[in-house]
Number of protein chains: 2
Amino acid sequence: MNHALKDGTVGKALLMLDIIADAEQSLRFNNILALSPFPKATTYRLLQTMTSQAMLSYDAESQKYSLGMRLVRLAHHAWKQASLGPIASPYLNQLASEVGETVHLAQIENGQVLFIDKRHTSQRFETLAQVGRIAPAHCTGVGKVMLAYMQPERQDYALQRQTYIKFTNTTITNKEALLDELITIKREGVAYDKEEHENGIISIAAPILTSSGQVMGAISIATSTSRHTVEDLTQYRGVLDTITKAVSTEAELYLHPTSGS
Amino acid sequence: MNHALKDGTVGKALLMLDIIADAEQSLRFNNILALSPFPKATTYRLLQTMTSQAMLSYDAESQKYSLGMRLVRLAHHAWKQASLGPIASPYLNQLASEVGETVHLAQIENGQVLFIDKRHTSQRFETLAQVGRIAPAHCTGVGKVMLAYMQPERQDYALQRQTYIKFTNTTITNKEALLDELITIKREGVAYDKEEHENGIISIAAPILTSSGQVMGAISIATSTSRHTVEDLTQYRGVLDTITKAVSTEAELYLHPTSGS
DNA sequence: ATGCAAATTCCATATAATGAGACTTCGTAG
DNA sequence: CTACGAAGTCTCATTATATGGAATTTGCAT
């Protein structure tokens with residue numbers, strides 16, 4: 001099922017990280033063993049290796065494994081060198097203060113939405129508590145808009161990986177309906193989340209595209225139904241468009257700098 | 001030199017991540033090969049594996065490898081389940097608004113300071129741009145205070161790993177001087193950074209300890225010499241002490257919950 | 001003390017990693 | 001247009017490493 005099996009020992013070791021991450025808490029050896037497709041001794045050795053590598057940390061007192069701080073260090077570099085984060089950051093500041101609502105920057109990872117950054121006017125924020133969070137693509141504004149603009153093969157792959165879990169009454173729960181929606185989105189240029197993931201939460205999202213039309217990410221403006229209707233969100237189309245274009249342009253410049261000493 | 005050699009293929013594969021992280025930019029195969037202790041084919045295969053695992057991402061156009069977004073996703077979970085971050089977060093909010101200065105939460109990783117969270121009153125913040133950053137321990141308030149409270153063996157190990165690089169005129173540049181300083185710090189209960197890492201930047205830091213006296217992390221209040229003198233910082237000893245004790249207590253509760261259903 | 005489950009270690013075997021070198025690709029200059 | 005060189009990719013016999021069933025140890029609960 002998992003593609004860990006393709007990458008030998010390394011894949012197996014990394015699968016241990018996913019097992020512990022997905023559990024959302026630290027686990028004892030037995031818990032991990034139960035979730036591991038490998039025999040006891042193998043699982044044990046993989047955990048030893050990852051612990052020795054600081055990819056996991058082991059608390060001797062509680063005999064529990066949790067994810068290691070080396071991941072936090074590496075993620076910092078990943079964020080700075082491979083995500084849209086550093087480029088989009090000033091634009092998110094501008095957007096957040098302009099619209100006075102929560103704004104998100106997301107990318108797609110393996111068919112899922114990965115939040116890269118977030119701004120919320122006048123709120124205490126918890127950095128990594130927000131960044132790195134994942135969400136399904138089929139029921140979020142950023143997810144749907146990124147799906148809509150994907151190349152056919154990537155889109156197929158991503159659509160295959162959706163769970164189509166019904167979170168609310170408006171959640172799109174099958175591939176056919178989602179494909180219809182994606183056509184509309186591509187025509188409109190923006191996607192709306194009409195309380196599809198969480199009751200009371202709506203958003204408008206626009207894609208960040210390369211000049212060749214590849215999806216790099218998406219930016220959304222989110223609010224609650226107590227303050228706005230979905231129709232209200234339409235007013236943000238202009239500013240969203242401006243901002244995503246600006247990020248896109250700057251990203252292109254950054255990736256393909258004009259020659260010079 | 002590196003302990004990657006101890007952990008077989010997995011260690012080698014993870015070393016690729018460090019190589020790319022340390023470069024602070026995406027690299028072509030040849031660049032990586034030059035930094036890799038392994039032969040060409042081996043290095044190539046390790047990169048393939050890590051790319052297939054989304055620990056690295058490869059841009060076909062520029063033929064460059066950079067760190068993958070899976071790291072960001074995993075780090076989010078690591079932060080939530082294994083760091084002091086979630087526990088300390090509300091206290092950092094409180095502290096930052098109380099003192100009106102930048103506050104940091106740090107832990108020690110492999111002898112280095114790892115920043116877990118940060119608050120800065122009225123500033124735009126960049127989440128992972130701050131979190132996950134590392135700094136040397138010998139020249140920072142949080143670093144020194146954590147060294148001071150370490151158990152002898154861990155302290156030895158950490159002191160061994162310091163570079164003792166001279167950043168400014170006040171940087172402590174050898175183990176003996178640092179040991180002296182650590183004695184003073186342990187007597188005082190707080191450490192000061194007297195422009196030892198960066199000119200114009202000073203801080204006061206206090207440790208977060210377990211009930212058994214183990215160092216879990218540290219919190220600092222940082223400011224600039226243009227606004228405060230080191231002596232001014234002394235006024236924050238009380239509030240720092242209160243906050244670190246509160247975090248410590250809550251962390252203990254969290255780690256050793258009283259029995260219940 | 002005793003029993004039981006969880007955690008750890010052992011070691012012959014199977015399997016996967018290795019790396020020298022061959023090959024392909026691509027950009028550049030003649 | 002072709003030749004060249006540098007960068008990147010692939011092959012395969014050899015070697016080293018990972019594997020996992022089973023035995024052992026640990027530690028907690030009775």
Side-chain angles (χ1 to χ4, degrees), chain A residues 1-20 23 25-53 55-66 68 212 255-260, chain B residues 2-20 23 25-53 55-66 68 212 255-261:
Chain A
M1 22 199 76
N2 204 298
H3 52 116
L5 310 168
K6 294 271 286 192
D7 295 308
T9 318
V10 174
K12 294 176 193 173
L14 295 175
L15 181 59
M16 295 297 111
L17 299 183
D18 282 339
I19 288 173
I20 296 172
Q25 58 171 302
S26 44
L27 295 175
R28 301 194 54 164
F29 175 72
N30 242 19
N31 307 136
I32 298 170
L33 181 58
L35 298 165
S36 161
F38 313 115
K40 190 156 66 160
T42 303
T43 301
Y44 183 74
R45 226 167 336 91
L46 291 171
L47 293 175
Q48 294 283 42
T49 303
M50 290 312 248
T51 302
S52 140
Q53 289 290 327
M55 299 298 279
L56 290 176
S57 77
Y58 177 70
D59 180 53
E61 194 175 353
S62 62
Q63 292 185 285
K64 281 179 171 175
Y65 294 87
S66 44
S212 60
L255 293 171
H256 312 290
T258 53
S259 58
Chain B
N2 205 299
H3 52 120
L5 311 168
K6 295 269 287 190
D7 294 307
T9 318
V10 174
K12 293 176 194 174
L14 294 175
L15 181 60
M16 295 298 111
L17 300 183
D18 282 339
I19 287 173
I20 296 171
Q25 57 171 303
S26 45
L27 296 175
R28 302 194 56 163
F29 176 72
N30 242 18
N31 308 135
I32 297 169
L33 182 58
L35 297 165
S36 162
F38 312 115
K40 190 158 66 160
T42 302
T43 302
Y44 183 74
R45 223 163 342 88
L46 292 171
L47 293 174
Q48 294 282 51
T49 302
M50 290 312 248
T51 303
S52 140
Q53 288 289 328
M55 298 298 279
L56 290 177
S57 78
Y58 177 70
D59 180 55
E61 194 176 352
S62 62
Q63 295 185 95
K64 282 178 170 176
Y65 293 88
S66 44
S212 59
L255 294 171
H256 312 292
T258 52
S259 59
S261 73

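Just so we're on the same page: letters track the sequence lines, and every chain starts at 1.
Take B:Gln63 and apply the side chain to side chain contact (heavy atoms under 4.5 Å, CB included) test, not counting sequence neighbours, and it matches B:Arg28, B:Tyr58. In this view, A:Ser57 and A:Ser66 satisfy the side chain to side chain donor-acceptor pair (under 3.5 Å) rule, not counting sequence neighbours. Take B:Asn30 and apply the side chain to side chain contact (heavy atoms under 4.5 Å, CB included) test, not counting sequence neighbours, and it matches B:Leu33. Not a single side chain to side chain donor-acceptor pair (under 3.5 Å) links A:Thr42 to another residue, sequence neighbours left out.
For the residue pair A:Thr43 and A:Phe38, the shortest heavy atom distance occurs at OG1-O, 3.1 Å.
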Using a cut-off of 4.0 Å between protein heavy atoms and nucleotide atoms, how would you tag nucleotides 8-26 of chain D 5' to 3' with B, S and -? BBB-------SBBB-----
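In this structure, B:Leu27 atom CG and D:dA7 atom P are separated by 15 Å, rounded to whole Å.
Put simply, the side chain of B:Ser52 never gets that close to the backbone of B:Gln48: no donor and acceptor are under 3.5 Å apart. Distance alone, capped at 3.5 Å, places no donor-acceptor pair between the B:Ser36 side chain and the B:Ile32 backbone.
Counting heavy atoms from C-beta on, the side chains of B:Asp7 and B:Leu14 never come closer than 4.5 Å.
In the helix from C:dA1-D:dT30 to C:dG30-D:dC1, the end axes, each obtained as the rotation axis mapping the C1' atoms of four pairs onto the next four within a five-pair block, lie 40° apart to the nearest 10 degrees.
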